[in-house]
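Order of appearance sets the numbers: ligands from 1, and atoms from 1 within every ligand. For the single chain, residues carry numbers from 1 onward in sequence order.
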Amino acid sequence: MAPFGTAPSTEETAPEAGQLTDGFHLVIDALKLNGITTIYGVPGIPITDLGRMAQAEGMRVISFRHEQNAGNAAAIAGYLTRRPGVCLTVSAPGFLNGLTALAHATTNCWPMILISGSSEREVVDLQQGDYEELDQLAVARPLCKAAYRVLHAEDIGIAVARAIRAALSGRPGGVYLDLPAKLLGQAIDAAEGAASLVEVVDPAPAQFPAPAAVQRALDILGKARKPLIILGKGAAYAQADDLVRGFVEKTGIPYIAMSMAKGLLPDTHPQYAGAARSLALKEADTVMLIGARLNWLLSHGKGKQWGAPGSKTFVQIDIDPKEMDSNLPVAGPLVGDIASCLSALLDAMGDGWARPPAEWTEAIRAKCEANVARMAPRLQNNNVPMDFHGALGALRTIIKERPEAILVNEGANTLDFARSIIDMYRPRKRLDVGTWGVMGVGMGTAIAAAIETGQPVLAVEGDSAFGFSGMEVETICRYRLPVCVVVFNNGGIYRGTDVNPSGGPDAATTVFVPGARYDRMMEAFGGVGVNATSPDELRRAVNEAMDSGRPTLINAVIDPAAGTESGRIGNLNPQSVVSRK
Ligand code: ADP
Ligand code: MG
């Protein structure tokens with residue numbers, strides 16, 4: 001992929017005098033000039049022709065069945081490529097459908113641009129009831145990092161450039177670009193149009209920490225007796241993999257990885273403390289966060305799992321200065337991009353860095369080994385119906401044998417168990433529900449992962465989570481993508497055994513049709529469907545799918561009684577104080 005500022009010169013000849021261009025073509029040219037070659041979207045008024053023309057101009061245009069899935073695809077494309085993923089939607093309802101993903105991208109700090117067609121400004125602003133009337137710009141603004149509207153064709157170049165820079169610079173995020181229908185058809189002189197396009201130079205500039213901040217952080221780390229590193233998905237996004245590895249190994253500090261940072265270093269790395277997470281969090285005296293936030297996923301750095309209050313000193317690398325002291329005081333803030341911060345740290349460390357006391361690192365190693373050994377037999381069970389451990393034990397081996405494959409994962413129990421059971425070996429191979437823990441990202445994520453990387457994708461989905469985006473199996477078949485979806489079918493949300501407490505005829509709120517056959521959905525569109533009832537059957541079917549690259553959906557029959565309420569975050573459910581008969 002060409003870096004920004006070095007776009008290959010297009011073969012097209014310069015426009016002749018008197019030749020015209022229009023809004024449609026200027027949008028396409030502006031995106032292409034900036035190396036954006038894929039659009040995820042759903043066609044319709046007023047952007048149907050924009051999609052057609054983009055395809056005609058050599059862009060990859062992937063049409064989905066619902067904008068939310070196209071948006072989720074664009075969001076994860078931004079994470080994987082460090083280039084804004086683009087989602088294209090129709091006005092009002094399509095725009096609103098894309099908005100959840102735009103907010104999701106912003107929350108996760110991923111670069112994305114939602115481009116939506118909109119109705120006539122004059123009519124919308126006078127609220128005269130236009131087709132799909134909505135003040136989209138105003139609605140989008142609080143949900144993204146920046147929002148722009150373009151009214152004149154000659155401004156398209158600058159608007160696209162601003163959108164790209166806003167999405168990528170500093171802490172990345174989502175950007176909304178509003179394109180009224182009238183703009184797309186506006187004609188201007190072609191030479192003038194070409195001259196109005198802007199190629200963005202260095203949209204994510206390196207941001208170095210001051211030498212004093214580097215020294216302060218090293219002084220804190222050097223004094224630590226029980227240091228711990230936490231790698232977050234910001235570190236994975238940064239694509240500074242060698243520096244992360246170099247720093248972790250040079251310090252000798254044990255580390256844990258947040259969900260999507262798994263595999264940044266292989267989960268089998270001798271310093272990986274994932275299996276001793278509780279011990280490490282509780283006992284550490286110094287915690288260094290690298291592209292990870294002290295948000296709810298780390299219980300804000302508070303509570304029993306963090307040991308005595310005030311017992312930890314924090315060092316944090318983040319590109320956003322406001323992230324420091326967000327939940328607890330940070331004694332060693334390093335504000336800058338991961339690559340610049342880590343290279344500054346490595347330079348300042350010199351050669352004689354003292355590794356942490358062996359007592360600490362050995363205690364963590366011993367705990368890891370004991371926990372891994374304790375878990376091993378459960379992962380080898382061949383129970384029918386399957387439990388989560390038996391089924392995930394099979395998938396764990398598959399990822400070990402195929403480390404290049406991308407693992408997409410969502411659900412409640414399916415997510416929580418898979419995260420701890422399936423080891424990752426390479427960076428950015430685990431794609432999941434992100435900061436919000438949002439259900440429904442599965443198929444959009446799987447599709448973008450296949451398109452952007454060309455690697456095989458294994459999507460491990462709870463049956464409930466799959467339902468949010470399941471219709472996109474048609475999209476997977478249509479584009480013949482190497483995606484194998486495994487639906488962990490326990491017949492319900494959390495599990496399939498709840499009964500209606502009123503005794504009435506309706507199903508309980510959390511259960512689905514028992515014995516559902518999700519595999520047949522894939523067959524309906526020409527893909528491969530398999531019903532797997534044992535870990536052995538599951539293993540065989542997944543291997544076959546990964547070898548053939550054919551779109552496959554495996555209905556993995558899980559014991560309806562397996563699974564706990566809300567997986568591992570049941571504590572977030574409020575408790576009622578009322579008990580009624
Ligand atoms: P996790 O959920 O894995 O803990 P988060 O998404 O909560 O990760 O945190 C990622 C952090 O990484 C965010 O605070 C974001 O500002 C930061 N970040 C993203 N990209 C970079 C970068 N290139 N350099 C430094 N920090 C970054
Ligand atoms: Mg379920």
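For ligand 1, the atoms lying closer than 4.0 Å to a non-hydrogen atom of Asn295 are 7 (O). Below 4.0 Å from some heavy atom of Ala238 lie the following atoms of ligand 1, by number and element: 23 (N). Close contacts of ligand 1 with Tyr237, meaning ligand atoms under 4.0 Å from a residue heavy atom, involve 20 (N). Remark: ligand 1 atoms within the under-4.0 Å shell around heavy atoms of Gly291 are 8 (O), 9 (O), 10 (C), 11 (C), 12 (O). Against a heavy-atom cut-off of under 4.0 Å, Arg171 is close to the following atoms of ligand 1: 13 (C), 14 (O), 15 (C), 16 (O). Applying the 4.0 Å criterion to heavy atoms of Gly232 picks out, from ligand 1, the atoms 3 (O).
Considering only heavy atoms from C-beta on, Thr414 stays 4.5 Å or farther from Glu461 through its side chain. Annotation: side chain of Leu431 is not in contact with side chain of Asn409 (no heavy-atom distance under 4.5 Å). For the pair Val248/Leu264, no side-chain contact is recorded, criterion being any heavy-atom separation below 4.5 Å from C-beta on.
Looking at Gly234, Gly336, Cys341, it is Gly234 that brings a heavy atom closest to atom 19 (C) of ligand 1. Considering each of Arg293, Gln316, Gln207, Met260, the one bringing a non-hydrogen atom nearest atom 5 (P) of ligand 1 is Arg293.
The pair Arg539-Asp536 meets the salt-bridge criterion, with a side-chain N (NZ, NE, NH1 or NH2) lying under 4.0 Å from an Asp/Glu carboxylate O. Salt bridge Glu472/Arg65: absent, no basic N to carboxylate O contact under 4.0 Å. For Arg171 and Glu323, the salt-bridge test passes: some basic side-chain N is under 4.0 Å from an acidic carboxylate O.
With hydrogens left out, the protein atom closest to atom 22 (C) of ligand 1 is Ile338 CG1, 3.6 Å, a heavy atom. The shortest contact between atom 27 (C) of ligand 1 and any protein heavy atom is with Ile319 CG2, 3.7 Å.
Using a 4.0 angstrom heavy-atom cutoff, Asp318 counts as in contact with ligand 1.
The aromatic rings of Tyr518 and Phe466 stand perpendicular to each other, their planes meeting at an angle above 60°, with 30° marking the opposite boundary. Note: Tyr255 and His269 have perpendicular aromatic rings, judged against thresholds of 30 and 60 degrees for the angle between ring planes.
Looking only at its N/O/S atoms, Asp463 has OD1 as the one nearest to the Mg ion (ligand 2).
Checked by atom type, the side-chain pair Arg293/Ser326 shows no donor-acceptor distance below 3.5 Å.
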- Item | Full working for salt bridge (Lys or Arg N to Asp or Glu O under 4.0 Å) between Asp387 and Arg378 | CA-CA 10 Å; Asp387 56 29; Arg378 293 183 70 187; over 6 Å; no
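Backbone or side-chain N, O or S atoms of Asn490 reach the Mg ion (ligand 2) at under 2.8 Å. Within the 2.8 Å limit, Gly492 places at least one N, O or S atom next to the Mg ion (ligand 2).
Counting heavy atoms of neighbouring residues, nucleotides and ligands inside a 6.0 Å radius, atom NZ of Lys250 exceeds 12 of them.
The N/O atoms of Met258, backbone and side chain alike, include none that comes under 3.5 Å of an N/O atom in ligand 1. Checked against a 3.5 angstrom limit, the closest N/O atoms of Pro172 and ligand 1 fall outside it. Checked by distance only, ligand 1 and Lys233 come closer than 3.5 Å through their nitrogen or oxygen atoms.
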